[in-house]
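First the proteins, then the strands, lettered A, B, ... as listed; each starts at 1. Just so we're clear, the structure is a prediction, and the values are computed from it rather than from any experiment.
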Amino acid sequence: MANDVANDIVEEHSLSSLLLAWFTLEKRDLPWRRTGDPYAIWVSEVMLQQTQVKTVIPYYEQFLQRFPSVVQLATASLEDVLTVWSGLGYYSRARRMWEGARYMCDQRGGKMPQDYDSLLLVPGIGKYTAGAIASIAFGQRVAAIDGNVLRVVSRLLAWPEPVETVRSHRHFGELLGKWQPAVQPGDFNQALMELGAMICTPKNPDCGGCPLAFVCEGYLQDDVFLYPVKKPKSQRQVVTRLTFVLRRGDQVYLQKRPSHGLLADLWEFPGVELSQGNDLKESILNISGDNGFGFFQKTVSERMFDELVREQFERGITLHGPVWYTFSHRRWKIIWAIFDFPDLDNPRNLPELLERPESKPEGVSAPRESVGEYRLDSRKDHQLEDHCWVTLQDLTGLPLPVAFTAIVDDLKTSEE
DNA sequence: AATGCGGGGAA
DNA sequence: TTCCCAGCATT
């Protein structure tokens with residue numbers, strides 16, 4: 001019975017000592033375990049959302065080097081923050097951290113909130129992250145329930161319901177609230193997560209090495225693999241994306257994506273999502289001639305080369321690819337057309353080249369109010385340009401999604 | 001409660 | 001391939 005186990009665990013005080021002893025002995029030496037700086041711990045917790053430790057480490061080091069404190073993050077441009085973040089995914093995390101730093105500067109004198117309830121008010125900090133920071137950095141006795149903890153506890157209790165429900169979450173929270181010691185609440189939370197990452201893994205749990213196996217109902221019933229119970233996930237939809245690669249000498253053309261939705265505020269080769277279900281052949285049919293040029297006009301801001309592009313569409317374009325790219329909820333079949341233009345030795349970024357017939361609010365970074373003294377008045381912070389020409393080498397200085405690296409590689413190899 | 005939001009590691 | 005990862009915000 002799950003309740004009996006729960007009571008046993010609560011009553012068995014030595015159980016948490018057992019877990020903590022294991023943690024003290026076996027814990028990995030991770031960068032964020034060498035600091036007590038709440039800011040650094042905040043950075044680590046946000047990066048670790050839905051992201052494995054191994055992936056995070058290099059980003060963590062770079063980020064702290066570039067933005068060592070709340071104030072330095074708050075006074076940076078979003079563009080710079082996204083550039084350091086690029087490749088890590090879930091880019092709204094970076095934007096919200098940046099907003100969170102500004103919130104701390106504007107409302108809290110540049111200091112981190114020091115308790116669970118105040119941390120919850122910060123953009124990008126939810127229940128898990130608030131609990132993690134409050135317990136690890138400030139020693140508050142609050143739970144931090146992540147995917148690891150859900151797996152560990154569900155196996156411990158042989159919990160028969162889906163773990164994503166409010167009911168499960170509340171039940172686990174109450175249990176952990178009683179179980180968590182007052183002395184090292186942060187270590188207790190980390191120990192549970194570490195156990196989930198190292199021992200109680202999804203596929204090959206090492207129950208033989210688990211300090212809690214002797215009270216684990218899942219293990220005792222030989223049913224570890226039944227848990228955690230999960231609801232079925234919705235399917236990924238497949239979308240064909242026609243991408244326009246404009247090339248002028250050694251430079252390529254990029255546009256900035258809208259501030260909301262997929263890959264928000266990142267740069268990309270402009271493109272359109274063709275209606276779902278078109279196979280490649282059908283797409284070629286649809287995008288030749290005026291139809292394709294229409295796509296181009298609607299998608300690409302740059303108007304200088306319209307005539308050249310129209311000619312090329314009439315002659316018939318060559319499609320490259322496809323390459324596949326998978327997001328968490330969508331799959332792109334990427335095909336691309338390359339347009340080469342004469343490299344007139346125009347000065348870069350002439351204002352008249354950047355002027356656009358009509359304004360497109362979505363493409364411009366959203367205007368912010370009351371950012372106060374921390375507003376950075378650099379060009380980037382309120383840049384009106386939503387497009388630019390850059391060399392392939394300079395791409396590393398911009399936040400470019402990994403989805404386009406295949407195209408970049410193709411351009412680099414075909415360049416020689 | 002369901003959905004949108006990246007990228008990579010591991011089996 | 002599939003699953004899952006130190007989740008959050010919006011609807």
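Two residues are said to be in side-chain contact when any heavy atoms from C-beta on lie closer than 4.5 Å; A:Leu246 and A:Val309 fail this criterion.
How far CH2 of A:Trp267 is from CD of A:Glu79: 6.0 Å, rounded to the nearest 0.5 Å.
Atom NE2 in A:His260 sits roughly 22 Å away from atom P in B:dT3 (whole-Å rounding). With rounding to whole Å, A:Leu263 atom CG is found 9 Å from B:dC5 atom P. Separating the CD atom of A:Glu161 from the C1' atom of B:dA1 is a distance of 15 Å, rounded to the nearest angstrom. Distance A:Gln235 CD to B:dG4 C1': 17 Å, rounded to the nearest Å. If you take NZ of A:Lys127 and C1' of C:dT10, they are 16 Å apart, rounded to a whole angstrom. C:dC5 atom C1' lies 14 Å from atom NZ of A:Lys54, rounded to whole Å. The interatomic distance linking A:Arg95 (CZ) with B:dG4 (P) rounds to 17 Å, in whole Å. Across the protein-nucleic acid pair, A:Glu99 atom CD and C:dC8 atom P stand 15 Å apart, rounded to whole Å.
Considering only side-chain N and O atoms, A:Tyr59 lies nowhere under 4.0 angstrom from the phosphate OP1 or OP2 of B:dG7. The phosphate of B:dA10 (OP1 or OP2) has no side-chain N or O of A:Thr201 nearer than 4.0 angstrom. In this model, the phosphate group of C:dG7 is not approached by any side-chain N or O of A:Gln49 to a distance below 4.0 Å at OP1 or OP2. Dashed line: the shortest gap from a side-chain N or O of A:His329 to OP1 or OP2 of B:dC5 is under 4.0 Å. Distances shown here put every side-chain N or O of A:Lys203 at or beyond 4.0 Å from the OP1 or OP2 atom of C:dT2.
Remark: A:Tyr253 OH is packed, more than 12 non-hydrogen atoms of other residues, nucleotides or ligands lying under 6.0 Å away. Shown here is A:Arg167, whose CZ atom has no more than 12 heavy atoms of other residues, nucleotides or ligands within 6.0 Å. In this structure, A:Lys111 places its NZ atom where only 12 or fewer heavy-atom neighbours from other residues, nucleotides or ligands lie under 6.0 Å away. More than 12 heavy atoms of other shown residues, nucleotides or ligands fall within 6.0 angstrom of atom CZ in A:Arg28.
Toward the 5' end of DNA chain B, the nearer of the two residues A:Ser234 and A:Tyr91, judged by each one's closest nucleotide, is A:Ser234. Taking the nucleotide of DNA chain B with the nearest heavy atom to each of A:Val166 and A:Phe327, the more 5' of the two is matched to A:Val166. Closest-nucleotide positions on DNA chain C for A:Val53 and A:Arg96 were compared, and the one nearer the 5' end corresponds to A:Val53. For the pair A:Arg151 and A:Val122, both in contact range of DNA chain C, the more 5′-proximal nearest nucleotide belongs to A:Arg151.
Counting any heavy atom pair closer than 4.0 Å across all strands shown, A:Trp32 reaches a base atom. Using a 4.0 Å heavy-atom criterion, one finds that A:Gly261 contacts the sugar-phosphate atoms exclusively. Within 4.0 Å of A:Tyr325, counting heavy atoms only, lie sugar-phosphate atoms of the nucleic acid but no base atom. Using a 4.0 Å heavy-atom criterion, one finds that A:Asn189 contacts no nucleic acid atom at all. Residue-level contact check: A:Arg167 touches neither bases nor backbone, having no heavy atom under 4.0 Å from any strand. Among the atoms of the strands shown, base atoms are found under 4.0 Å from some heavy atom of A:Ser328. Residue contacts shown for A:Val149 are absent, as no nucleic acid heavy atom lies under 4.0 Å away.
Ranking B:dA1, C:dA6, C:dC5 by closeness to the A:Arg33 side chain, first place goes to C:dA6. The listed nucleotides are B:dG8, C:dA6, C:dC5; the one nearest the side chain of A:Leu48 is C:dA6. The nucleotide whose nearest atom lies closest to any side-chain atom of A:Arg93 is, among B:dG6, C:dG7, C:dT1, B:dG6. Listed candidates were C:dA6, B:dC5, C:dC5. Nearest to the side chain of A:Arg330 is B:dC5. Side chain of A:Ala403, nearest nucleotide from C:dA6, C:dA9, B:dG7: B:dG7.
For the P atoms, the distance linking C:dA6 with B:dC5 amounts to 23 Å, nearest Å.
Counting atom types as modelled, A:Thr326 pairs no side-chain N or O with a base atom of B:dG7 as donor and acceptor under 3.5 Å.
A:His320 and A:Trp336 have parallel rings, their planes meeting at less than 30° on a 0 to 90° scale where 60° marks the start of perpendicular.
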